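Data first, discussion second: the structure below is written as structure tokens.
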Amino acid sequence: MAASGLAAPTRTEVLQLYRSLLRVARQFCDYNIREYTKRRTIDAFRDNKNLTDPSQLSAAFSDGKAQLEVAKRQAVVYSLYAPKVKSIMDIKPS
Amino acid sequence: MASKLLLQTLTRRQPTTIIRRFSTAAAVATPPDYEDPSGITMKGVKISGRPLYLDMQATSPVDPRVLDSMLPYYLSRYGNPHSRTHLYGWESENAVETARAQVAALIGASPKEIIFTSGATESNNISVKGVMHFYKDKKRHVITTQTEHKCVLDSCRHLQQEGFEVTYLPVESDGLIDLDRLRKEIRPDTGLVSVMAVNNEIGVVQPMEEIGIGALYMRRRPRIRVEPQMNGGGQERGIRSGTVPTPLVVGMGAACELAMKEMEYDERRIKSLQDRLLNGIREKIDGVVVNGSMERRYVGNLNLSFAYVEGESLLMGLKEVAVSSGSACTSASLEPSYVLRALGVDEDMAHTSIRFGIGRFTTEEEVDKAVELTVKQVVKLRDMSPLYEMVKEGIDIKQIQWAQH
Ligand SMILES: Cc1ncc(COP(=O)(O)O)c(C=O)c1O
């Protein structure tokens with residue numbers, strides 16, 4: 001559909017998107033959202049590793065880019081209301 | 001002094017300084033009196049961090065993608081979806097109709113069959129009381145089960161006071177109803193059979209998403225009609241008057257669309273976490289009983305009872321894990337849950353039941369930590385328990401005649 005008009009992303013572009021998603025995942029102050037964003041990114045890219053059809057590739061790529069924008073906005077929102085006390089999962093035993 | 005501070009700030013020019021100043025401002029705006037950086041003190045309990053959350057059948061965190069879809073409707077798009085005379089109303093109406101289509105798509109219904117309500121309590125009141133009131137001339141009988149949520153049970157009680165008859169079907173020890181028995185109870189004047197898809201305490205039967213706002217699905221062919229429980233502006237085709245809250249409905253639509261995309265992935269993951277939790281606990285301790293069928297169970301729920309420990313002490317020792325208990329521990333009564341009672345669970349086992357709720361954002365590390373803390377507490381309590389000593393020595397404690405005082 002809409003994707004067919006788009007050129008398939010290059011390998012560099014895909015890798016760049018992957019790294020950007022992992023970077024923004026680390027910015028979530030919430031333990032669960034941070035871990036989920038990381039895990040979901042890794043699993044989604046792994047699932048799509050063997051895509052070759054250009055229209056499927058560009059659809060997956062533009063979906064990933066849209067997710068990145070959501071994650072960037074939400075990492076900011078979460079940081080604005082972060083509780084002072086961290087999750088016990090984020091407290092390293094000393 | 002102020003100028004010196006300003007000078008320092010200017011000369012340092014580190015981005016971290018700016019971030020810190022922002023967070024200080026936020027903390028001043030909402031001072032949470034029970035929190036300080038060393039931990040949280042509430043209800044006489046001090047914990048070093050926020051507990052890991054395993055109470056997903058009480059409520060679950062909003063997905064950031066869902067929140068992202070809602071925020072515009074809290075900020076600039078605040079119109080009343082029923083306003084006909086301006087852009088604000090039109091854009092909200094569009095958003096509500098998109099959400100209606102998203103909810104309908106998830107459950108395979110037509111958008112016209114979706115009624116937005118405030119949640120399950122309201123939906124069930126409309127279904128139970130609304131249907132029976134509408135058909136009261138011909139239909140006088142309702143069938144439901146003993147393990148329904150209170151909002152169904154109490155709606156049925158209300159009908160009984162009005163002269164309707166209600167059959168409360170018992171459940172088997174696995175929490176499931178016997179279909180033959182149900183068939184036998186149906187009469188020509190039975191107007192409604194109300195049975196929940198997923199039990200909120202013991203998780204038996206089919207999976208469904210739990211969300212904070214609700215929707216009601218009403219079949220159109222053959223058409224079901226109800227008497228409204230809310231009268232007013234005639235919104236939602238007159239079935240549920242009251243302004244539809246655009247942000248919440250938009251969020252529910254987004255959550256349904258996401259659920260459709262993520263259901264398979266989530267279910268696979270959550271199933272593996274359910275196994276990890278159960279196996280982790282069973283590997284280390286005996287006397288652990290699963291309440292409710294394990295075969296027909298929603299993967300995000302595990303309701304366990306621990307033999308030879310005392311319920312309240314168990315929960316008190318688990319302050320770092322947010323879970324729910326089978327006994328409604330009000331200070332006055334230690335009444336065990338009516339759902340567990342309907343399954344025939346022993347009173348002492350019902351008291352030690354813990355409901356673990358696993359969700360999309362639960363991690364393996366959290367499950368491992370929950371296992372570790374639960375096992376530690378159970379072992380500690382059993383080590384102090386003379387009952388457990390006797391059981392280990394082979395004494396059947398059910399046969400003991402306790403002295404009466
Ligand atoms: C099975 C079930 N029914 C009804 C309700 C009541 O829902 P609400 O509080 O949204 O009206 C709940 C609440 O958690 C529930 O678990």
Side-chain angles (χ1 to χ4, degrees), chain A residues 1 3 20-49 51 56 59-94, chain B residues 19 22-27 29-32 34-42 46-54 56 60-72 74 254 258 261-262 264-266 268-269 319-322 359-370 373:
Chain A
M1 288 188 307
S20 306
L21 277 162
L22 290 182
R23 197 177 317 121
V24 73
R26 284 197 297 274
Q27 286 163 13
F28 274 99
C29 48
D30 184 285
Y31 163 79
N32 294 89
I33 307 294
R34 180 171 68 238
E35 292 301 312
Y36 175 81
T37 311
K38 214 189 303 178
R39 178 171 71 241
R40 195 70 191 89
T41 299
I42 294 170
D43 290 345
F45 276 77
R46 188 183 296 140
D47 283 348
N48 286 336
K49 211 168 69 178
L51 284 188
Q56 280 185 343
F61 186 68
S62 58
D63 182 52
K65 283 217 298 205
Q67 299 286 337
L68 177 63
E69 291 311 311
V70 174
K72 278 184 183 166
R73 282 195 293 273
Q74 290 301 312
V76 175
V77 172
Y78 273 75
S79 76
L80 294 176
Y81 298 96
K84 257 194 273 178
V85 179
K86 289 196 276 191
S87 157
I88 60 153
M89 301 306 293
D90 269 337
I91 299 172
K92 297 280 166 290
S94 50
Chain B
I19 290 167
F22 267 122
S23 60
T24 311
T30 49
Y34 53 88
E35 273 188 25
D36 69 54
S38 75
I40 306 170
T41 312
M42 229 187 195
K46 185 161 169 81
I47 20 183
S48 58
R50 296 181 67 77
L52 65 92
Y53 189 82
L54 288 178
M56 299 297 177
S60 52
V62 173
D63 190 295
R65 291 163 289 192
V66 170
L67 183 62
D68 197 65
S69 73
M70 295 167 71
L71 284 175
Y74 279 118
L258 200 53
K261 274 198 216 143
E262 296 290 320
E264 232 179 274
Y265 175 88
D266 285 344
R268 216 179 320 124
R269 233 192 87 71
K319 283 297 162 220
E320 289 179 329
V321 189
R360 178 179 286 158
F361 301 105
T362 308
T363 67
E364 290 178 0
E365 290 75 19
E366 282 177 303
V367 168
D368 292 348
K369 185 92 181 166
L373 293 171

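Keep in mind that what you see is a predicted model, and the values were worked out from it rather than measured. Just so we're on the same page: letters track the sequence lines, and every chain starts at 1.
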Handout entry: Residue A:R40 excluded, over 12 heavy atoms near CZ under 6.0 Å
Key =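 Correct, the count exceeds 12.
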
By a 4.5 Å heavy-atom criterion (distance strictly below it), what part of [X] contacts chain A: side chain, backbone, both, or neither?
{"X": "B:V62", "result": "backbone"}
{"X": "B:S69", "result": "neither"}
{"X": "B:Y265", "result": "side chain"}

Exercise for the section: Measure the OG1-OH distance between B:T362 and A:Y36 for me, rounded to the nearest 0.5 Å. Expected result: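 Those atoms lie 11.5 Å apart.
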
Handout entry: Straight-line distance of B:S48 OG to A:I91 CD1, nearest 0.5 Å
Key =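 That separation rounds to 4.5 Å.
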
Practice task
Evaluate the side-chain proximity of B:R50 to A:K86: yes if any heavy-atom separation is below 4.5 Å, no if none is.
Solution key: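 Of all side-chain heavy-atom pairs linking B:R50 with A:K86, none is under 4.5 Å.
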
Hey, can you pull the donor-acceptor pairs under 3.5 Å for the side chains in residues 25-32 of chain A, sequence neighbours left out?
unit_1: A:D30; atom_1: OD1; unit_2: A:N32; atom_2: N; d: 2.9
unit_1: A:D30; atom_1: OD1; unit_2: A:I33; atom_2: N; d: 3.0
unit_1: A:Y31; atom_1: OH; unit_2: B:T363; atom_2: OG1; d: 2.7
unit_1: A:N32; atom_1: ND2; unit_2: B:F361; atom_2: O; d: 2.8
unit_1: A:N32; atom_1: ND2; unit_2: B:E366; atom_2: OE1; d: 2.8
unit_1: A:N32; atom_1: ND2; unit_2: B:E366; atom_2: OE2; d: 3.1

Exercise for the section: Under 4.5 Å, counting heavy-atom pairs only, tell me which of B:L71, B:L67, B:D63 racks up the most with chain A. Expected result: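 Highest number of pairs under 4.5 Å: B:L67.
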
Handout entry: Inter-chain contacts: residues 69-77 of chain A against chain B, heavy atoms under 4.5 Å
Key =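 Under the 4.5 Å heavy-atom cut-off, A:V70, A:R73, A:Q74, A:V77 qualify.
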
Problem - B:K46: salt bridge (Lys or Arg N to Asp or Glu O under 4.0 Å) partners, not counting sequence neighbours - result: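 So B:K46 forms no salt bridge (Lys or Arg N to Asp or Glu O under 4.0 Å) with any residue.
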
Exercise for the section: List for me each residue that meets side-chain contact (heavy atoms from CB on, under 4.5 Å) alongside B:K261, sequence neighbours excluded, and say none if there are none. Expected result: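 Testing B:K261 for side-chain contact (heavy atoms from CB on, under 4.5 Å), a comparison that skips the adjacent residues, returns B:E257.
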
Exercise for the section: Mind ranking A:M89, A:Q67, A:R39 by heavy-atom pairs under 4.5 Å with chain B and telling me who comes out on top? Expected result: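 With the most close heavy-atom pairs to chain B, the winner is A:R39.
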
